[in-house]
Enquirer: 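I'd like to ask some things about the structure below.
Worth knowing before you read on, the calculation uses all heavy atoms, side chains too, and leaves out hydrogens, waters and symmetry mates. Naming convention: chains lettered A, B, ... in sequence-line order (proteins, then strands); numbering from 1 in each chain. All of these numbers come straight from a predicted model, not from anything done at the bench.
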Amino acid sequence: MPTRMSSFFLRTLREDPADAEVPSHRLLVRGGYVRRVAPGIFTWLPLGWKVYRNVERVVREQMDAAGFQELHFPALLPRGPYEASNRWTEYGDNVFRVKDRRDNDFMLGPTHEEFFTLTVKDLYDSYRDLPLAIYQIQTKYRDESRPRAGILRGREFVMKDSYSFDLDDAGLDASYERHRAAYESTFDRLGLEYVTVSAMSGAMGGSASEEFLAPCDSGEDTYVACTSCDYAANAEAVRFPVADPVDATDAPAAHVEDTPETPTIQTLVDLSNGRDDLARDDREWTAADTLKNVVVMISQPDGTREPLAIGVPGDRDVDMKRLEAEFEPAVVEAFTPEDFAAHPQLAKGYIGPGEDVLGQGGIRYLLDPRIAEGSRWITGANAPGNHVYDLVAGRDFPVEGRIDVADIREGDPCPNCGGDLTLARGIEVGHIFKLGRRYAEALDLTVQDESGTNVVVTMGSYGIGVSRAVAAIVEQSHDDAGMVWPRSVTPFDVHLLTAGKSDDHAAAAESLAAEIEAAGMSVLYDDRDASAGVKFNDADLLGMPTIVVVGRGLKNGEVEVKDRATGDRRDVPFDALVETLVADAARA
RNA sequence: CGGGAUGUAGCGCAGCUUGGUUAGCGCGCCUCGUUCGGGACGAGGAGGUCGGCGGUUCGAAUCCGCCCAUCCCGACCA
């Protein structure tokens, strides 16, 4: 039986919801696929649920095909295991915490590493049981400080998470590769365009890590890709090589100059160019000649705070996102007036390297990799209104450490081949990484090897944002009129409507609907007593891949078949309709 | 958590500055009629704790205070 719109639980909105910004949010709400219940929490209405389940089905089929085994943990989790890995604290405000009637702590699981690990530990003891790869498709909860963009980033969302367990690094490599291949086939089937970029392993600890990003304007992740080689990385993970040392034997001695009213790079550059005693003969000073020192506070989950100074070329800013990624799970805070008061050696606006100030016994001081040993700089002289010129890195102050957190720009040299980097945005729909032994060690997951020795298991962790993928598909596949579903996840194969209200139209549509369904395709039949325009617009909005119109061609025994994606329309005789639809579906 | 904005019917909004009958418009919904291939038309109707609490006042959607909530921009993640 076709689903009849006259009785289908669906209401489309004529106007965009006021709170929806990104296309997926706007269209999913307007099309009656989802409905907001609370910030970041949504109801899946019948149409949306069909899409969601199709996505979930594809994910499950590809996991099963790869030989991974599905299980299901609770979403409501006791505190204990998270103590062992220290994450009850580390996750901070991002977890929904609840108590039972006896005042025991529970949480709504934001992730399940501990439970996978502990369950394997419970059941397995021998190397002969490995390798193992298990997964679940689970509702996860994260009390995001700022949920946004509708389904793209909710506080309740569905994630497929897998874990692999291997005896050694070679085994982990193999498990990782199997997951990568499974992910590629999954996203291919979902009709998602994606790029694979290398990524930091983030809060979970570990080594190799790659993200699957669906490129689109609403993406929250910035990634770089090289125009010359196949290098691609999340902006947070890009690491530029340390610049080669330069010869500084001819460099003049460093000299402090009186530079009043120059607390910013721009004022400093302007003053330097404007004064005869400071101006260069060969060219103008630029911001890139200055060494900018940014002081921040690194705040650990346990509450300890430590100041950190970062030196970058003055034409660059510190990218806070990259900096945060570097110190996870610690949080980076701006230096407050109180912090400055507690460090009186820091002259705001005139901070520079110096004994007991930055480095050399003072605040921990790390330099951008572009600052070569032997390079000359203008920087703060640690006194208001004073800068030091011709300060040579490595000669006048030691290079105590490096940190690569400056902003990345279009055209920056590729760390791999030196070609030009491009910047783009994408939605993280998948993430695979080699966890290593962190959880296994913390939770004491070992197996006996052939010699009877206990060996710590090495793990991999692999996620797919199932609910997020629904939104990502819309982000990539829509036009002004509405959504355009890939056939693999469409809620219905065919959207059938009558343009014309005679009994003949209805009878023809009924019989065609039955034929189409008999051929194995699902039909959403718009049998409503609405004007043709309303039906056409709803059909475009709802986005089934094929729209069949029983209209003015009826008298000739023809219907119109419209391809939602291309907009192409063809008149097809009744008796050729099913054949046409089957052929179209097969071609897609 | 910082910055900005908003809260009035299922959805989108006006009214608030300058307090005053029964709180209004469009969409959607119900009834009747007309229309019938790209969000038709007429007539009639249903639907509201005006975010909450407190205050000022003869009288508060409107003024004041506090609170709550939501959205957007920045810092976090599938």
Side-chain angles (χ1 to χ4, degrees), chain A residues 11-22 25 29-30 32 35-36 38-40 59 90-94 110-112 137-162 183 199-200 202-204 211-214 220-221 234 236 296 299 318-325 327-334 336 427-433 461-472 481-482 497-502 505 529-541 547 549-554 560 562 569:
Chain A
R11 183 116 299 146
T12 58
L13 303 178
R14 192 162 186 165
E15 292 166 276
D16 284 336
D19 58 358
E21 203 72 10
V22 301
H25 188 192
V29 172
R30 193 151 86 84
R35 191 130 183 105
R36 196 192 75 102
V59 170
E90 273 187 14
Y91 258 98
D93 293 334
N94 268 340
T111 177
H112 284 80
I137 295 174
Q138 173 67 269
T139 305
K140 309 275 186 179
Y141 297 87
R142 290 187 194 168
D143 192 5
E144 298 276 350
S145 49
R146 191 185 153 212
R148 67 184 120 181
I151 297 293
L152 267 183
R153 187 190 174 100
R155 292 193 295 173
E156 176 183 279
F157 58 97
V158 176
M159 182 162 99
K160 186 288 304 176
D161 53 332
S162 315
Y183 275 36
M200 299 271 294
M204 289 73 174
E211 287 172 349
F212 290 76
L213 300 182
E220 290 190 272
D221 280 87
N234 190 302
E236 294 173 9
V296 295
S299 181
V318 170
D319 181 330
M320 291 308 282
K321 206 163 174 170
R322 298 186 73 205
L323 177 58
E324 292 259 6
F327 285 95
E328 270 188 329
V331 175
V332 179
E333 296 168 356
T336 64
I427 299 165
E428 185 181 358
V429 288
H431 196 163
I432 55 178
F433 61 92
S461 166
Y462 317 90
I464 290 179
V466 180
S467 47
R468 174 180 280 182
V470 174
L497 64 88
T498 51
K501 294 180 181 173
S502 74
H505 284 90
D529 184 32
S531 72
V534 170
K535 293 184 177 184
F536 286 135
N537 281 309
D538 272 346
D540 288 341
L541 172 63
I547 298 165
V549 182
V550 178
R552 57 189 166 207
L554 178 65
E560 182 179 279
K562 175 179 171 181
R569 303 184 205 185

Enquirer: Would you measure the distance from the P atom in B/C72 across to the matching atom in B/G12 and give it in whole Å?
Expert: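 Taking atom P in both B/C72 and B/G12, they lie 13 Å apart.
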Enquirer: For A/Tyr183, does its backbone N or O pair with a side-chain atom of A/Tyr462 as donor and acceptor, under 3.5 Å?
Expert: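 Checked: no pair found.
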Enquirer: Could you walk me through whether A/Lys140 and A/Glu156 pass the salt bridge (Lys or Arg N to Asp or Glu O under 4.0 Å) test, one step at a time?
Expert: CA-CA 6 Å; A/Lys140 309 275 186 179; A/Glu156 176 183 279; over 6 Å; no
Enquirer: Determine the interatomic distance between P on B/C53 and the same-named atom on B/A14; round to the nearest Å.
Expert: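 B/C53 and B/A14 have their P atoms separated by 24 Å.
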Enquirer: Between A/Phe212 and A/Ile464, is any pair of side-chain heavy atoms under 4.5 Å apart?
Expert: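 No, every pair of side-chain atoms sits at 4.5 Å or beyond.
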Enquirer: Any side-chain heavy atom of A/Leu152 within less than 4.5 Å of one from A/Ile427?
Expert: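 A/Leu152 vs A/Ile427: side chains touch.
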Enquirer: May I have the distance from A/Glu428 (atom CD) to B/A78 (atom C1'), rounded to whole angstrom?
Expert: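 After rounding, the reported distance stands at 6 Å.
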Enquirer: Summarise how protein sits on nucleotides 29-38 of chain B as a single string, 5' to 3': B when a protein heavy atom is under 4.0 Å from the base, S for sugar-phosphate-only contact, - for no contact.
Expert: -------BBB
Enquirer: Do A/Gln138 and A/His112 touch side chain to side chain, with heavy atoms closer than 4.5 Å?
Expert: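 Result yes, sub-4.5 Å side-chain heavy-atom pair found.
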Enquirer: With rounding to whole Å, what would you report as the distance between B/C11 and B/G28 at their C1' atoms?
Expert: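 Those two atoms are separated by 7 Å.
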Enquirer: Just by distance, do the side chain of A/Arg30 and the backbone of A/Leu13 share a donor-acceptor pair under 3.5 Å?
Expert: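 It does hold such a pair.
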Enquirer: Extract from the structure each pairing of a protein N or O with an N or O of nucleotides 43-46 of chain B at less than 3.5 Å, listing the distance.
Expert:
none

Enquirer: Show, in sequence, the C-alpha distance, side-chain angles and deciding distance for A/Val550 and A/Leu497, and conclude whether the side chain to side chain contact (heavy atoms under 4.5 Å, CB included) test is met.
Expert: CA-CA 6 Å; A/Val550 178; A/Leu497 64 88; over 6 Å; no
Enquirer: Across the strands shown, which category fits A/Gly154 at heavy-atom distances under 4.0 angstrom: base, sugar-phosphate, nothing?
Expert: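 Base contact - A/Gly154 has a heavy atom under 4.0 Å of at least one base atom.
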Enquirer: On RNA chain B, nearest-nucleotide positions of A/Phe212 versus A/Gly40: which is more 5'?
Expert: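 The answer here is A/Gly40.
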Enquirer: RNA chain B in dot-bracket, Watson-Crick or G-U pairs under 3.5 Å, [ ] crossing, | other strand?
Expert: (((((((..((((......[...)))).((((((.....)))))).....(((((..]....))))))))))))....
Enquirer: One character per nucleotide, please: for nucleotides 7-16 of chain B, 5' to 3', B when the base has a protein heavy atom closer than 4.0 Å, S when only the sugar-phosphate does, - otherwise.
Expert: ---SSSS---
Enquirer: If the P atom of B/A9 is compared with that of B/G47, how far apart are they to the nearest Å?
Expert: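 So the two P atoms sit 15 Å from each other.
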Enquirer: Listed by chain and number, what are the salt bridge (charged side-chain N to carboxylate O under 4.0 Å, His left out) partners of A/Asp319, not counting sequence neighbours?
Expert: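 In terms of salt bridge (charged side-chain N to carboxylate O under 4.0 Å, His left out), with neighbours along the sequence ignored, A/Asp319 is linked to no residue.
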Enquirer: Between A/Ala149 and A/Ser467, which residue's closest nucleotide on RNA chain B lies nearer the 5′ terminus?
Expert: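 First, find each residue's nearest nucleotide; the 5'-ward one identifies A/Ala149.
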Enquirer: Taking B/A61 as the reference, what is the distance to B/G20 when you measure between their P atoms (whole Å, please)?
Expert: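 Roughly 10 Å separates the two P atoms.
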Enquirer: Specify the separation, in whole Å, of atom CG of A/Leu152 and atom C1' of B/A78.
Expert: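 After rounding, the gap between these two atoms is 11 Å.
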Enquirer: Can you name the closest pair of heavy atoms from A/Phe157 and A/Arg142 and give their distance?
Expert: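 That closest heavy-atom pairing would be CZ-NE, 3.9 Å.
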Enquirer: Of the options B/C72, B/A78, B/U70, whose atoms approach the side-chain atoms of A/Arg468 most closely?
Expert: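 Of the options given, the side chain of A/Arg468 lies nearest B/A78.
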Enquirer: Using atom P in both nucleotides, what's the gap between B/A46 and B/G37 to the nearest angstrom?
Expert: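 So the two P atoms sit 33 Å from each other.
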Enquirer: Evaluate the criterion side chain to side chain contact (heavy atoms under 4.5 Å, CB included) for residue pair A/Asp221 and A/Glu211; output intermediate values, then yes/no.
Expert: CA-CA 10 Å; A/Asp221 280 87; A/Glu211 287 172 349; 4.1 Å; yes
Enquirer: Could you measure between the two C1' atoms, the one in B/U6 and the one in B/G52, and give it in whole Å?
Expert: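 That atom pair is separated by 16 Å.
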Enquirer: Look at the side chain of A/Arg155 and the backbone N and O of A/Gly40, then say whether any donor-acceptor pair between them is shorter than 3.5 Å.
Expert: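 Here the side-chain-to-backbone pair does not exist.
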Enquirer: Looking at residues at least two apart in the chain, or sitting in another chain, which of them share a side-chain contact (heavy atoms from CB on, under 4.5 Å) with A/Glu21?
Expert: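 side-chain contact (heavy atoms from CB on, under 4.5 Å) list for A/Glu21, sorted by chain: empty.
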Enquirer: Just how far, in rounded Å, is P of B/C1 from CG of A/Asp143?
Expert: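 Computing the A/Asp143:CG to B/C1:P distance gives 11 Å.
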Enquirer: With a 4.5 Å heavy-atom cut-off, do A/Met159 and A/Thr139 have their side chains touching?
Expert: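 Counting from C-beta outward, A/Met159 and A/Thr139 never come under 4.5 Å.
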Enquirer: Rounded to whole angstroms, how far apart are CZ on A/Arg155 and C1' on B/A78?
Expert: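 Distance, rounded to whole Å: 17 Å.
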Enquirer: B/U8 and B/G4: how far apart are their C1' atoms, nearest whole angstrom?
Expert: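 To the nearest whole Å, 22 Å.
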Enquirer: What's the NZ-C1' distance between A/Lys535 and B/G28, to the nearest Å?
Expert: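 So the two atoms are 17 Å apart, to the nearest Å.
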Enquirer: Compare all side-chain heavy atoms of A/Val29 with those of A/Arg36 and state whether any distance is below 4.5 angstrom.
Expert: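 A/Val29 does not reach A/Arg36 side chain to side chain.
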Enquirer: Considering only heavy atoms from C-beta outward, does the side chain of A/His505 approach that of A/Leu554 to under 4.5 Å?
Expert: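 A side-chain contact under 4.5 Å exists here.
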Enquirer: With heavy atoms under 4.0 Å as the rule, sort A/Val429 into base, sugar-phosphate or nothing.
Expert: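 The answer is sugar-phosphate, as A/Val429 gets under 4.0 Å only of primed atoms, P, OP1 or OP2.
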Enquirer: Round to a whole Å and report the spacing from NE2 of A/His112 to C1' of B/A78.
Expert: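 Rounded to the whole Å, the gap is 13 Å.
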